[in-house]
Each structure stands twice: as C-alpha cells, then as structure tokens.
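Worksheet: one structure, shown below.
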There are 2 protein chains.
Amino acid sequence: MLKQERHKLILDRLKLSKKVLSKNLSDELSVSEDTIRRDLKELESKDLIYKVHGGALLKENRVRSYDERSIADVEEKKKIAIKAVKLIKSGQVIIMSGSSTNLELAKIIPPEINATIYTYSLPIAVELSHHPSIEVIFIGGKLNKEAQVTVGIDIVNPIYNISADICFMGTDGIDVNRGLTEPNWEVSRIKNSMIRASNYVVVMCVSSRINSVKRHSVVPITEIDAIVSEIDPSEAIFSGFRDLNLTII
Amino acid sequence: MLKQERHKLILDRLKLSKKVLSKNLSDELSVSEDTIRRDLKELESKDLIYKVHGGALLKENRVRSYDERSIADVEEKKKIAIKAVKLIKSGQVIIMSGSSTNLELAKIIPPEINATIYTYSLPIAVELSHHPSIEVIFIGGKLNKEAQVTVGIDIVNPIYNISADICFMGTDGIDVNRGLTEPNWEVSRIKNSMIRASNYVVVMCVSSRINSVKRHSVVPITEIDAIVSEIDPSEAIFSGFRDLNLTII
DNA sequence: AAAAAAAATGCACAAACACGCAAAAAAACG
DNA sequence: CGTTTTTTTGCGTGTTTGTGCATTTTTTTT
C-alpha cells in the first residue's frame, strides 16, 4: 500500500467518524505505528488534520469569509432555509442573491442535488464550491467588502443572458404596496435583473421584516411568486400577500 | 509494444483500479522499471495521473487534491511573494492569476497600499476582501472547484476591456523556447488575455519548475517582462532568460 | 509517584529514484 | 534501399525515500 493511499484513506476515515486512532490504523493497514505517526505528522503539516495524542481529529477549517457572529436572526434564517431547500430540484438553473439566508440555504443543499447556481456572493460561492455536484457560476464585478458581494453596472448585463428556473432572493424589505425594496441602489438594480431572468421568484424574509420598506424599489409585488418565512403560512400578517395569489411557505 | 500503447494501457488500468505500481507494470509489460517511470513521468506532466513513490494514483478531481498539492513548496512561494510585493505601488491597476503564489502575495500586501486588483480566484478574492484599501474586482464565470478559479470563454471577453499596469502570473511551466505553458486549456486562454491586457508582466515560479513545459501554450517568452523565483537571480538557470533581456528578481 | 502508552530520535536497509551513457529501434531523408 | 537522425530503452552509478526497530523522552493513566 502506497503512502498516498494511506493518506487518502485516513482523511476519508476522518471525514466519516471525526477521529482516528493510531493503533487502529496501524492494525488495519498492516503497517507499524511509527509509519502511521509519520503519516499523521505529514497530514498535519499540510493543515489537513488536527493531530493529538493517540491519533488525530477532523480539522474544521472552513474559511468563513465574513463574521457570522454579526448576522442577526440566524436561527430564523436556518428555519427559512430548511423550508426553501425543498424547492430545489436536480436539473434546475438557480439564481441566488447575496443574503445570509441564502448562505444558510447553500449549506444544506443535499449532496445528490445536481444543479447550476448563479451567484454574486463570495461566501455563497465558497460554500457551494464544497458541494460535490453543483455547478457554480460566479457573477463577477467590483467587490463590496462589507456585504461580500460583487456590484456594479457591469454585472447587470451578463445577468440578462441568463435564463433561470428559480430565483432565491433574500430581503429585508417586502411590502404589499411597495413590493420588494433595497437600501443599496446598485444591489436593487442587480436584484431587479435577476428577477427578470427567472421563471419563478422566491423571496425569503424573516417575519419581523415583513411589511418593511427600504429606499430603492426592486420590483412590484406582482413579480414575486412565493414568500418563505420562518413562521406559519396561515399567520394573519400574510393576508395581503395571499390576496395577490402569492404562495406562502 | 509502443510507448503510446503502454500509456493508454496504464491510463485504462488506473481508471479501473485507481492505482498502479511500477513493479507490476514493468513485469506485465515486460519493460524495465525505468521505462515505466519515464511513462509515468510523461503522463504526469500532462496532468493525467498523480505520480507517487512506487507507482501512480488516479488524478483526483476533488478539492483535497488541490490542497495537498498546493501546500507543497509553500516556503518557496512565501519567499517569492516577499520579493514580488515590492513591485506593488499605490495607484496601480493589477491583475492576479489564480495561483497559490498569488495567494501568498495577497496575504502580505501592506495595508497602506491603495490599488485596484482584478482576479478570478475565489481564495484570493476572499483574502483581498480583508485588506482595508484594495479595490477588488472579481472576474466571474464558471467555477472550477479543483483550482477554485472561474473559467470559461465568457470571462475572457471582459478581460479585454481591462488595462492594467502590472500582471502577477503564477505558473508551473516556463521555458526559454516554449515560453509560458499551462496544463489546462481554458486557463491558458484566460492567462493569455490577462497578459495582453497588462503593461508589465511578472511571472512567479518556484525554481524547480523553471524550464518545465506543460501542454498548452500561453504566450511566447518575449511577452514576459520579469521572473520572480525564490533563488538568487544570478543563478545559472536564468542565463537563457537574461539573454532575452528579462528582469530576474 | 509509579506504570503504561504514545511520541520523538537515531539508525539500518531495502525499494524506488535520478542521471548519464550507450545500444537498439524507429523515423526521416535523399 | 542505405544512411543519417531522432526517439526509445536498458543498465550502472550514486542518491533519496519509506519503513521498521531499538532506545530515550514525553505524556497520559492509574
């Protein structure tokens, strides 16, 4: 058995059970414990594992590119993501906006889903790049460091050439009369073109932000097909949207 | 038995059982182990297999293989980055290719530098997004998960509209006669357009890869202005490049 | 504090490797 | 066809890599 084979096997094993013991490995691979120790040492120097006495542990070093602590309402957003992920089917072409809710959604897409996802968010692209069968297409442009998304008129044009089955749009502003709104003008233009490129538009919004209005208009409410929130769809707060035939999830 | 026959057989065998041993192959094909080694070396230079001590493994198309390979020579790459960072001045428009050397470079750009950087590499964009005064422009496209860069013809066009002062290009293949070469065709086209968009082209290459040739040509050596390596510029290995008036750093 | 387990250290040795060279084979050429 | 050139191959040399073992040091357990 070659050294690299052992390395791969050790890493696979680690991924599966989060820890390995030198003793077990040396038994199962029929090499001396010394060799296993050397293997672990080498893998550690490559930052692939976390070596400890007697074995090694899985190293969780997903580079979180922006501060997750600063995100509000994480629990609510996770609930929304769990509901929204059911809308994703294999074969779809999907557009995702750059919201933290979409980041949660990206984390929980099942491995067997095979789809194409367009995004302009750095953290979402990083997250999706770990997925085995999602094709990721990053919409480039000038990077807004605060939000970790690309902006700029240059990115609107490429979006016109996309035709997507479904668009997942995170928002802090949705209102029956004013429709979808956004504090940042550039982002409002990008969201607008994303929606126009999509057959079906899903807005994800925590319940506390429903019926709130921001400065710049994205699209009227008639352009939206569905709203996903963390609360029960039959709540009274949705009555206005239901009257307009929106699907509430 | 002809060389190409063996090559094909080796690749088939690899696909089937994920590993081959030089010893076995030399027995079964009745050639010396040296010949098998040469075969494997050639296949590796074409990026078709992953050569290891004692044989070869199937080239993995997973993210991990990128991690393991790129971590190699990290000390050399840091030295190169330290030399290269001196070329960066405030006010410049810079293009960075998606190499691990450029990632090291991105990490050490002084905070007081104020510049615009174009890149198509996800990790480099993430790194630069933490810099206080660098404007980052991400060149979008289909994400190649293995190398964490965007590729695709769609990204070449936008590059034509850029005009940059300096281009930092990482490479594993530079040679006096064959110029800059690349194993991946799509990447070779992108690198080509990046170089054509730049006034001054700096190639960063660890000394062990100097005079190595990959499959696809990027540009002839005359398009290159400077080479940065981790070793002393007066080393004999650079004489051919010096004759062509390249700056060696 | 003593005993046991794991790790580091140094050494030996076989297997795999790189390099140069020359023979053999294949290709190119008139 | 013969001859020249290029490519491919095998072998001898010395070097590097991977592995196991004995010994000492460090860490963990009792």
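Every chain is numbered from 1 and lettered A, B, ... according to where its sequence line falls, protein lines coming before strand lines. Please read these numbers as outputs of a predicted model, since none were measured by experiment.
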- Query: Expressed in angstrom and rounded to an integer, what is the separation of B:Lys41 atom NZ from C:dA16 atom P?
  - Reply: 16 Å
- Task: Please state how far atom CD in A:Glu42 lies from atom C1' in C:dA8, giving the value in whole angstrom units.
- Result: 17 Å
- Query: Where the side chain of B:Arg37 is defined as all heavy atoms beyond and including C-beta, which of D:dT9, C:dA6, C:dA18 is the nearest nucleotide?
  - Reply: C:dA18
- Item | Side-chain donor or acceptor of B:His131 paired with backbone N/O of B:Glu127 under 3.5 Å | no
- Hey, is the main chain of A:Ile113 close enough, under 3.5 Å, to the side chain of A:Ser133 for a donor-acceptor pair? yes
- So, B:Asn102 and B:Ser97: side-chain donor and acceptor under 3.5 Å apart, yes or no? yes
- Message: Do B:Ser26 and B:Glu33 pair up side chain to side chain, a donor and an acceptor below 3.5 Å, judged on atom types alone?
- Response: no
- When rounded to whole Å, the CG to C1' distance for the pair B:Asp39 and D:dG10 reads 13 Å
- Task: Give a yes-or-no answer on whether the side chains of B:Ser207 and B:Glu230 include a donor-acceptor pair shorter than 3.5 Å.
- Result: yes
- 4.5 Å side-chain heavy-atom contact, A:Ile36 and A:Asp39: yes
- Is there a residue in residues 19-34 of chain A whose heavy atoms reach under 4.0 Å of DNA chain C, and which residues are they? A:Ser22, A:Asp34
- Item | Atom pair distance, as rounded to whole Å: CG in B:Leu2 and C1' in D:dT6 | 16 Å
- Side-chain ion pair, B:Glu42 and B:Lys3, N-O less than 4.0 Å: yes
- Message: If you compare every side-chain N and O of A:Thr35 against the phosphate oxygens of D:dG20 (OP1, OP2), does one of them come in below 4.0 Å?
- Response: yes
- Task: Compute the bend angle of the helix from C:dA1-D:dT30 to C:dG30-D:dC1 from the end axes (five pairs per end), rounded to 10°.
- Result: 40°
- Query: Salt-bridged, B:Lys18 to A:Glu5, with N to O below 4.0 Å?
  - Reply: no
- Item | Among C:dC17, D:dG20, D:dT9, the one nearest A:Arg38 by side-chain distance | D:dG20
- Query: Is it true that atom NZ of A:Lys51 has more than 12 heavy atoms of other residues, nucleotides or ligands lying nearer than 6.0 Å?
  - Reply: yes
- What is the distance, rounded to the nearest whole Å, between atom CD1 of B:Ile36 and atom P of C:dA18? 14 Å
- Consider only side-chain N and O atoms of B:Ser188 and B:Glu182, and report whether a donor and an acceptor are under 3.5 Å apart. no
- Query: What is the distance from atom CE of A:Met96 to atom CD1 of A:Ile139, rounded to the nearest 0.5 Å?
  - Reply: 12.0 Å
Strictly under 3.5 Å: I want the nitrogen or oxygen pairs between protein and nucleotides 14-17 of chain D, one per line.
none

